[in-house]
Amino acid sequence: MKKEKNDKANICIIGAGYVGLVSGACLAEIGHRVVCVDSDPKKIAMLKKGVMPIYEDGLQSVVKKNVKAGRLFFTNAIKDGMHHDGRRAEAIFIAVGTPPRDDGSADLSAIEKVAEEIARNMSDYTVIVEKSTVPVETCEWIYKTVTRHNKKHIPFDVASNPEFLREGTAVRDFLKPDRVVLGCPSRQCEHVMRKIYKAMKGAPLLVTDVKSAELIKHASNSFLSTKISFINAVAQVCEKTGADVEMVAKGMGMDKRIGMSFLKAGIGFGGFCFPKDLEAFYWLSRRKGYNFELLKTVKDINEQAKLWMVKQVQDELWNLEGKTVAMLGLAFKPETDDMRFAPSIDIAAEFKRLGANVRGYDPVSQENAKSVIKNIYFAKDAYDCVAGADCACLITEWAEFGRLNMKKVLAHLKHPILIDGRNLYNPAKMRELGFTYKSVGRH
Ligand code: UGA
């Protein structure tokens, strides 16, 4: 085995999705030698050619730079990732998918398979790091699984190192985190984990026990979802009382204990993290004997937030049968091509159920949208999207929608109706232009 300078680690990351690929690229960026493993041969072939399987700002340049520097590698085989070019990985990060089952619990079968394979290929003390978002106690299951298949009794630990990156700003979030949480079961494990993150200058480290680390992730995502649903509920009261939710949020957020972020009212949260994590945390709490009703309410408010859009359109157009609705934006938020659990999916389905024709346009997620939203017209640009439509609905606050020529939008629409689900436009300006304009919790 070749010897490395001991402040840099040999790392293997299993799963080259959002979390795995960004983590791998960024750990290479801070100087470690990283091998990313994914079972999808197409994905690995793309990555080897420098083509990113996801749209993520800045990722391609970090990947290319580190591949060129000889710090980042890609392979299909876990065995190869763990023992790459004569170097043994001292830390193996698991970042494979944990999709939700029908009952809301997380499907952890991919993690189990990976754990078995790691066990079969360990040759010296190894830290197995759980990075996928998983229910508390998953690390314990990984430990049991590895122990069962570790026939040569190689020493190992299982650590929890939850990821807090956001899609769209993932590279920045990884390299400049608010905190790095390290759930370590032993001193030896803590030593390896500290060495890995030491290179990330200035990142506050919180070293804790494994279960607390696992729970920090669940609790953080659920708390942020709660903040969003809270402000969306406040927005409903604002609509009924004549208050302005943006002012209310500002006034609340100026209190440092509350903070400004995640108080933007709109048509609800989507994406692969919040809806899934909320469900999983609720499910897990119930299984453990605690009925976490608050989380259920947070989810209910989010479902209502999506339907708010449909109700506004009905209030303006009455029957939707045969009418045409234009949806500007389909991704669950700007700066991502991710369509998973995007509010647009449920909103489009409801419009279709009510008999409307739907036109949709998204600057980046259009191709991904085609596989999850069926039987709608996908427009070539925003103006094409609103052409001849009875009303326009702003679904995702892409910057390009803020720069649209609104007079042109008005001229393209059959009726001058604009429903703004993300409070992107200025109400007074829109009315001045001649729109019948509605937004969330504002007048
Ligand atoms: C979220 C968390 O913010 C990350 O910290 C976490 O690591 C990640 O989940 C994960 O678990 O992997 P992400 O799903 O990328 O990140 O997106 P966010 O930027 O948090 O937005 C989530 C949703 O909330 C979006 O649909 C967004 O439109 C909505 N949102 C956000 C609001 O409606 N209002 C707000 O004020 C903020």
Side-chain angles (χ1 to χ4, degrees), residues 15 17-23 26 54-57 95 97-100 106 131-135 161-174 176-181 214 216-235 245-246 248-250 252-253 258-281 298-299 301-306 308-309 329-347 362 365 394-398 420-424 439-441:
Y18 272 100
V19 171
L21 184 56
V22 172
S23 307
C26 291
I54 50 168
Y55 174 86
E56 189 60 53
D57 191 31
T98 54
K131 206 142 186 65
S132 306
T133 300
V134 290
N161 172 216
E163 190 41 66
F164 301 104
L165 53 83
R166 287 163 298 175
E167 291 179 19
T169 53
V171 172
R172 212 177 328 140
D173 289 345
F174 192 97
K176 296 243 169 289
D178 286 347
R179 80 299 205 188
V180 173
V181 174
E214 290 177 317
I216 286 168
K217 172 71 186 193
H218 271 307
S220 300
N221 270 4
S222 297
F223 187 76
L224 291 169
S225 310
T226 305
K227 258 187 126 176
I228 299 170
S229 277
F230 186 88
I231 202 66
N232 282 337
V234 171
V245 74
E246 283 192 342
V248 176
K250 196 171 175 184
M252 287 167 65
I258 298 174
M260 295 283 183
S261 57
F262 281 74
L263 284 182
K264 208 167 172 337
I267 48 173
F269 55 81
F272 199 53
C273 304
F274 284 175
K276 174 178 81 106
D277 287 4
L278 198 65
E279 282 279 1
F281 199 20
V298 168
K299 183 187 169 187
I301 294 172
N302 199 49
E303 295 308 313
Q304 287 162 27
K306 295 181 212 170
W308 172 95
M309 177 57 87
L330 301 167
F332 81 98
K333 66 173 187 176
E335 304 309 323
T336 178
D337 63 348
D338 199 345
M339 280 299 298
R340 291 174 300 176
F341 298 95
S344 63
I345 301 171
D346 291 345
I347 295 170
D362 191 282
S365 75
L394 192 284
I395 305 289
T396 317
E397 67 277 36
W398 284 99
D420 182 354
R422 296 290 179 188
N423 292 354
L424 180 67
S439 55
V440 185

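Whatever order the structure lists ligands and atoms in, that order sets their numbers, starting from 1.
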Taking the side chain as everything from C-beta on, heavy atoms only, tell me whether [X] gets closer than 4.5 Å to [Y].
X      : Y      : result
Phe269 : Leu278 : yes
Ile216 : Glu214 : no
Val440 : Met309 : no
Phe164 : Pro177 : no
Glu56  : Glu167 : yes
Arg422 : Pro334 : no
Pro162 : Lys131 : no
Ile345 : Arg340 : no

Numbering the atoms of ligand 1 from 1, which are under 4.0 Å from a heavy atom of [X]?
X      : answer
Glu167 : 15 (O)
Phe269 : 23 (C), 24 (O), 26 (O), 29 (C)
Glu163 : 7 (O)
Asn221 : 2 (C), 6 (C), 9 (O), 10 (C), 11 (O)
Leu165 : 4 (C), 6 (C), 7 (O), 8 (C), 12 (O)
Lys217 : 6 (C), 7 (O), 10 (C), 11 (O), 12 (O)
Leu263 : 36 (O)

Mode of Thr336 contact toward ligand 1 - side chain, backbone, both, neither (heavy atoms, under 4.0 Å) | neither

Proximity of Phe272 to ligand 1 by residue part, where a heavy atom lies under 4.0 Å = neither

[atom] - nearest protein heavy atom and its distance:
atom                    : answer
atom 37 (C) of ligand 1 : Phe262 CD2, 3.4 Å
atom 1 (C) of ligand 1  : Phe274 CE2, 3.5 Å
atom 5 (O) of ligand 1  : Phe164 O, 2.7 Å
atom 16 (O) of ligand 1 : Arg166 CG, 3.5 Å
atom 13 (P) of ligand 1 : Lys333 NZ, 3.8 Å
atom 31 (C) of ligand 1 : Ile228 CD1, 3.5 Å
atom 10 (C) of ligand 1 : Cys273 SG, 2.8 Å

Under 3.5 Å, is there a donor-acceptor pair linking the side chains of Asn232 and Trp308?
-> no

Determine, step by step, whether Ser344 and Lys306 satisfy the side-chain hydrogen bond (donor to acceptor under 3.5 Å, both in side chains) criterion, reporting the C-alpha distance in whole Å, the side-chain angles of both residues, the deciding distance to 0.1 Å, and the verdict.
-> CA-CA 8 Å; Ser344 63; Lys306 295 181 212 170; over 6 Å; no

Does Phe230 have Lys227 sitting over its ring (NZ/CZ under 6.0 Å from centre, angle to axis within 45°)?
-> no

May I ask you to check whether Lys264 has an N/O atom sitting below 3.5 Å from an N/O atom of ligand 1?
-> yes

Closest candidate by heavy atom, reference atom 28 (O) of ligand 1, pool Phe332, Phe341, Phe174 = Phe332

Shortest non-hydrogen pair, Thr98 vs Val134, comes out as CG2-CG1, 3.8 Å

Strictly under 4.0 Å, does any heavy atom of Lys227 approach an atom of ligand 1?
-> no

4.0 Å heavy-atom contact, Gly270 with ligand 1 | yes

